[in-house]
Amino acid sequence: MAKDFWIGEVHQGKYDDQEIELKGWVHRTRGSNKIWFIVLRDSTGLIQCVIKKSVVGDESFDLIKGALIESSIILKGTIKSTEREHGYELQVTNAKVIGPVNPDNPFPITESAMLEAEGGESEFLLDNRHLYLRTSRMTNMLKVRSTIFGAIHSYFRNQDFIEYQAPNFVAGAVEGGSTLFEVPYFGKKAYLTQSWQLYAEAAMPALERLYTIAPSFRAEKSRTRRHLTEFWHAEMEIAWASNDEVMKYGEGVVRTAASKLLEERESELNELGRDLSLVERYADNPYPRMRYDEAVEILQSKNVEIEWGQDLDYSKEKILTADFDLPHFLTHYPRIAKPFYHRPDPSDQKYVLCHDLLAPEGYGEIIGGGERTWSEEEILERIDEEGTPREPYEFYIDTRRYGGVPHGGFGLGVDRICAWLAGADHIRETIPFPRDSRRVTP
Ligand code: ATP
Ligand code: MG
């Protein structure tokens, strides 16, 4: 039952005048009692197929004519180049319906339903997400996503990083208690992990350069354009590295993802309506750096209400990045704005040695990272000043008791970088089955 021929290959001109067999799904149909046109879809593209009653016979003709949109079919025939829309067509000699669609229950994702939904965010389309995945918009997005995952893996592996896995059930918070998902755990409480970081730091003295791409879970109560409750998190940790050095990797991985997209996904990005010159700019140029204090001044000059010491939330990042032409690193946040594992700046203890990478066009934060607190003394001081209980972090503190070294790392939101590079309005568009505070189905 293997599949030997792909529509994408037909359009590359591989099968001119040859007899081949195409397997796929009915995308569109039209015709008469004598001739029937099916636009066939497979994972690589669309092709028009012409079925004549005089060629395939009455019985086959009636059966294939009854194949509704999204029926799976097999068509055998000859490939001819045409002047028409798709460049090539299949002149069918033999047609078979494999998985029919019941006329009482036709495929619900119609063009009018899509138009009403303006890009796939209606409740109706979210309820039918399992079927919506087959639309060209979602297929293009999933291919873009796959290229980005591949780019991240190859970027780190090419530099001898080791892929390392951390547990998903954990006892402590990384990003603060308010977004912790609690799960019953045999009479005790456990949480779903918010980040791989603390467990990666434990392996830092073993592997020195490590990375992962894994899901992280955060109970984000408010629904925004850039938060999911389950998202894909690319994280790295590196020994003997300063905040500056860690930023180089962040810039490197993001630029690699942008240039891989240009190499592999030009047509998908075009179909998604993305301006490719922007993606090129993000691939080709170094990313400027700015201190937190400067960002606060810019915001204040735009009459945004912000006090020194506050973290920047989405509403503020959106305003700040609206006129950026490139991603910018924001560094040196106030110590009081960041969790205990961020290392205070030895030259001015009011700040920590950290960075967020903010994407332009109003997208905002895609990376959060920095140097880690690495001496036992400093980490205890930071935990206590934050009022965090020591107990769940005993293992983490313990790693500092045996040969602590300077190190750092970052977390990159993979769904966020997909949304930004593909130009999606909403993070939900980038993931097959989005999870947020209102939805865990389908
Ligand atoms: P935000 O302020 O936007 O909530 P954060 O500061 O909580 O982000 P970090 O803890 O630094 O984020 O996480 C590292 C990266 O993971 C972020 O830069 C972002 O790209 C991604 N990320 C964080 N939370 C989410 C989420 N709920 N959904 C999707 N991606 C997320
Ligand atoms: Mg957050």
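We count ligands from 1, going down the list as the structure has it; atoms in each ligand are counted the same way. Keep in mind that what you see is a predicted model, and the values were worked out from it rather than measured.
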_Could you tell me if Arg157 sits above the aromatic ring of Tyr211, with its cationic atom closer than 6.0 Å to the ring centre and no more than 45 degrees from the axis?_
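The answer is no; the distance or angle limit is not met.
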
Relative to the heavy atoms of [X], which atoms of ligand 1 are at a distance of less than 4.0 Å?
X      : result
Ile367 : 18 (O)
Leu228 : 26 (C), 27 (N), 28 (N), 29 (C)
Gly368 : 11 (O), 18 (O)

Hey, is [X] one of the residues with a heavy atom under 4.0 angstrom from ligand 1?
X      : value
Arg226 : yes
Ile417 : no
Asp415 : no

*Kindly determine whether Leu126 and Arg439 satisfy side-chain contact (heavy atoms from CB on, under 4.5 Å), including the steps that lead there.*
CA-CA 9 Å; Leu126 286 166; Arg439 185 177 284 276; 3.5 Å; yes

*Side chains of Thr179 and Gln194, donor plus acceptor under 3.5 Å*: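 The criterion, which ignores hydrogens and geometry beyond distance, is satisfied for Gln194 and Thr179.
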
For [atom], which candidate among [options] holds the nearest heavy atom?
atom                    : options                        : answer
atom 23 (C) of ligand 1 : Gln197, Glu230, His227, Arg218 : Arg218
atom 12 (O) of ligand 1 : His355, Glu235, Glu365         : Glu365
atom 3 (O) of ligand 1  : Glu317, Arg416, His233         : Arg416

Polar proximity ligand 1 side, [X] side, N/O cut 3.5 Å exclusive:
X      : answer
Leu312 : no
Ile427 : no
Phe231 : no

*Which of parallel (below 30°), tilted (30 to 60°) and perpendicular (above 60°) describes Tyr292 and Trp308?*
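Ring orientation, 0 to 90° scale: perpendicular.
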
*Which of parallel (below 30°), tilted (30 to 60°) and perpendicular (above 60°) describes Phe231 and His233?*
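The rings of Phe231 and His233 sit tilted, inter-plane angle from 30° to 60°.
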
*asked:* Heavy-atom pairs closer than 4.0 Å: do any link ligand 1 to the side chain of Glu220, the backbone, both, or neither?
replied: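 Within the 4.0 Å criterion, Glu220 contacts ligand 1 through side-chain atoms alone.
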
*For ligand 1, which part of Gln194 has a heavy atom less than 4.0 Å away: the side chain, the backbone, both, or neither?*
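Neither; nothing of Gln194 gets under 4.0 Å from ligand 1.
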
*Could you note down all residue pairs passing salt bridge (charged side-chain N to carboxylate O under 4.0 Å, His left out) where residues 278-290 supplies at least one of them, sequence neighbours left out?*
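Sorted result for residues 278-290: Asp244-Arg289.
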
*pair Arg223-Ser437: side-chain heavy atoms closer than 4.5 Å*: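 Of all side-chain heavy-atom pairs linking Ser437 with Arg223, at least one is under 4.5 Å.
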
*Please tell me if the side chains of His355 and Val246 come closer than 4.5 Å, counting only heavy atoms from C-beta onward.*
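Yes, close enough: below the 4.5 Å cut-off.
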
Distance-only criterion, 3.5 Å: show the donor-acceptor pairs between side-chain atoms of residues 247-254 and protein atoms not counting sequence neighbours.
unit_1 : atom_1 : unit_2 : atom_2 : d
Glu251 : OE1    : Tyr287 : N      : 3.4
Glu251 : OE2    : Arg255 : NH1    : 2.8

